[in-house]
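Working notes, structure below.
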Amino acid sequence: MVQLNVLLADAQQQASNHEANSMLNSMFNKENLDKFKIGVDQVVQLLAQTLDVQQKPFSGIFPHELAKQFADIDLNQPLFDIQEALTEVTQLYLKDAVYFNNPRYLAHLNCPIVYQSILAELMATAINTAVETWDQSGGATFIEQSIVDWTLSKLALGKLADGVFTSGGTQSNLMAMLLARDFQCQQHAGHINKQQGLPQDFKRLKIFTSQVSHFSIQKAAAILGLGYDSVVSVSCDEYFRMDVNALNQAIEQCKQQGDIVMAIVATAGTTDFGSIDPLAQIAAIAKQSGAWFHVDAAYGGGLLITPNNKHKLAGIACADSVTIDYHKSFFQPVSCSAFFVKDKQHLSVVTYHAEYLNPLSQQQAGTPDLCNKSIQTTRRFDALKLWFSLRTVGAKNLGLAFEQVMHLARQAYLLLASEAHIEIIHQPQLSTLVFRFIGDGSSSNQDLDDVNKFIRKQLSRQGDALIAATKVADKQYLKFTLLNCATTISDIQHVVRLIKQYGYQYLASDLANQQTPLNTPVKEVSYG
């Protein structure tokens, strides 16, 4: 019996050794470099074939239709063949992907990307660099720090400033509110949250931001234990910028109630309107009230490298912290974002020294461990994408591309304003436009809400163009977000024609009552 058990154990070990050898044949190293090159060639060929036939930004498929294709996939049964796996990926992913590089993708803040950044992504992924500590990243540490310092020079935050890469604007805004919360608790109560937890009167802390700011401020308040109710929504002016008079009134009311003005968050490029709050005026109010001044420039940060529009960010140098998404107006792949602070000492809020990773002795010796200023530990080497783009494309050309889509937005505004069938409610400050189809003006608000919902769904189902939607004053609107310098005014004109066509088709056939399926072919109707 003992001998039989030994034989069985030997057989199991041989099987394990065989599987281990198979893994060795799949690792990225010099022994497998030829196979890797073949795989890369196969992927490039597939991408070339996909781009060659891809005519629309989206296939129009519904979620329940695509879900059926995943029902019989067994991830415990490998294909063991790259070409077969690529065929499967083509069917399950590429065929129904959303293509931001298509000139008629006009929906969200997703940009087409410069191809040089993909080359950088390939390098960083192949080496699998993790940038949290020096002994895991080497030169990558200095590349990230160089991008941070370069951006800080554009922001002009001062000699004590610093920053770190993040997963996106939501994480950056969370860091801003975390630093603001802990700063104010120490200022007002001598309380160190990092060690002692929140003080008893933490509910007195209030955050002020405009009514059209990004939802991540409310989300941050909830995560930090302050709750949604700690966020004071400040009304906007006719240009959808924070109204400074309303801000002053809200702050005065806050003080009368015995609350603390923890932070004022200004937005440089709101998601819907691209509006830029009056940064300099808000900075002065923040200073006077003792508030932390944060600027969410996730979208508008690209203005820093534009030749002709940097002035729109006047006042940002007064910020205590800033959010910038390079994966929006710098044309970089997701994710590529960073958080900046005027005084690097505030980043100590997120520092924890672990002996196995970043002991205090290393910091005292000057070792540059980036995890000392990040709420993440393991982090990808996202800075290489922007570094490589700056070295090969150049900041000026990236800025010119952003200015080109801003110019297109102004052209599109004039086009929409000239349409009797369209109501547009703002002039673009960056590259977004909010509007709605109104037909001949005789329909009720509810009917207009229904028809505009239908228009967007019909565009998505047919796949010829993708646009976004939003609500303003509880009314349904459509939205163009322009971030593709390949998009032309002709593309915009084509989409506007479709909007009017689907709008009048809905009104003419009374689809509100008939519930006509969205895949019903649309016949062109006369709309004047």
Side-chain angles (χ1 to χ4, degrees), residues 27-29 113-114 116-155 157 160-176 178-179 298 301 321-328 330-341 343-393 395 398:
M27 293 297 177
F28 177 75
N29 52 38
I113 58 178
V114 294
Q116 290 89 341
S117 63
I118 305 174
L119 301 178
E121 187 85 286
L122 175 61
M123 286 188 284
T125 301
I127 304 303
N128 198 28
T129 294
V131 291
E132 54 266 28
T133 60
W134 163 257
D135 65 357
Q136 296 176 82
S137 55
T141 298
F142 291 110
I143 286 179
E144 176 170 322
Q145 191 62 52
S146 294
I147 292 293
V148 165
D149 292 342
W150 172 79
T151 308
L152 287 170
S153 71
K154 304 292 184 184
L155 290 167
L157 289 183
L160 297 178
D162 201 0
V164 67
F165 268 62
T166 66
S167 64
T170 295
Q171 182 184 324
S172 295
N173 288 342
L174 172 62
M175 285 190 70
L178 170 63
L179 269 57
S321 56
V322 178
T323 289
I324 290 181
D325 279 357
Y326 303 112
H327 56 236
K328 289 185 171 71
F330 288 74
F331 306 99
Q332 297 301 300
V334 172
S335 63
C336 194
S337 183
F339 170 70
F340 305 92
V341 63
D343 186 344
K344 66 181 71 176
Q345 291 185 11
H346 291 298
L347 290 168
S348 64
V349 167
V350 298
T351 302
Y352 184 90
H353 293 290
E355 282 301 317
Y356 64 87
L357 187 70
N358 61 327
L360 180 60
S361 58
Q362 285 189 182
Q363 181 175 340
Q364 292 171 337
T367 303
D369 289 337
L370 298 179
C371 70
N372 290 337
K373 52 185 180 178
S374 174
I375 62 175
Q376 294 175 261
T377 303
T378 303
R379 282 196 301 114
R380 300 181 73 253
F381 184 21
D382 289 319
L384 185 61
K385 294 175 281 195
L386 183 56
W387 170 282
F388 206 64
S389 299
L390 293 176
R391 306 305 288 164
T392 56
V393 181
L398 294 173

Say you draw a straight line from CG of Asp162 to CG of Leu370; how long is it, rounded to the nearest 0.5 Å? 9.0 Å

Between Ser321 and Ala176, the two heavy atoms sitting closest are OG-CB, 3.6 Å

What's the separation between atom CG in Leu157 and atom CZ in Phe340, rounded to the nearest 0.5 Å? 8.5 Å

Answer yes or no: is there a donor N or O on one side and an acceptor on the other, between the side chain of Ser374 and the main chain of Gln376, under 3.5 Å? yes

Nearest heavy-atom neighbours spanning Leu357 and Gln362: O-NE2, 3.9 Å

Is there a donor in the side chain of Thr133 and an acceptor in the side chain of Asp135, or the other way round, less than 3.5 Å apart? yes

Holding to ring-ring contact (aromatic ring centres under 6.0 Å, His included), I want the full list of residues that pass it with Tyr326, two or more places apart in sequence or in another chain. Phe165, Phe330

Count the heavy atoms belonging to other residues, nucleotides or ligands that lie under 6.0 Å from OH of Tyr352, then report whether that count exceeds 12. no

With side chains defined as the heavy atoms from C-beta onward, is the minimum distance between Phe381 and Ile143 less than 4.5 Å? yes

So which heavy atom on Met123 is nearest to which on Leu384, and how close? CB-CD2, 4.3 Å

Determine whether the side chains of Gln332 and Asp325 contain a donor N or O and an acceptor N or O closer than 3.5 Å. no

Given Met175 and Val349, is the side chain to side chain contact (heavy atoms under 4.5 Å, CB included) satisfied, shown in steps? CA-CA 10 Å; Met175 285 190 70; Val349 167; over 6 Å; no

With Phe339 as reference, evaluate Ile375, Leu179, Val322, Asn173 under the side-chain contact (heavy atoms from CB on, under 4.5 Å) test and give the passing residue. Leu179

Looking at Asp369, Asn372, Thr377, which hits side chain to side chain donor-acceptor pair (under 3.5 Å) with Asn358? Asn372

Do side-chain atoms of Lys373 reach the backbone of Gly163 as a donor and acceptor pair under 3.5 angstrom? yes

If you take all heavy atoms of Ser172 and Thr166, which pair is closest and at what distance? OG-OG1, 2.8 Å

Which heavy atom in Val131 sits nearest to a heavy atom in Ala140, and how many Å separate them? CG1-CB, 3.9 Å

Which atoms form the tightest heavy-atom contact between Leu398 and Phe331, and what is the distance? O-CE1, 3.5 Å

How many angstroms lie between OG in Ser137 and CD1 in Ile127, if you round to the nearest 0.5 Å? 13.0 Å

Could you check whether Ser117 and Ser389, counting side-chain N and O atoms only, form a donor-acceptor pair closer than 3.5 Å? no

So how far is it from Trp150 CH2 to Leu155 CG, rounded to the nearest 0.5 Å? 9.5 Å

SG on Cys371 to NE2 on His353, rounded to 0.5 Å: 8.5 Å

Can you tell if the side chain of Val164 reaches within under 4.5 Å of the side chain of Val341, non-hydrogen atoms only? no

So how far is it from Ile324 CD1 to His327 NE2, rounded to the nearest 0.5 Å? 11.5 Å

According to the side chain to side chain donor-acceptor pair (under 3.5 Å) rule, which pairs have a member within residues 122-131, sequence neighbours left out? Thr125-Arg380

Should Glu121 and Lys385 count as an ion pair when the cut-off is N to O under 4.0 Å? yes

So, Gln116 side chain and Phe388 main chain: donor-acceptor pair closer than 3.5 Å or not? no

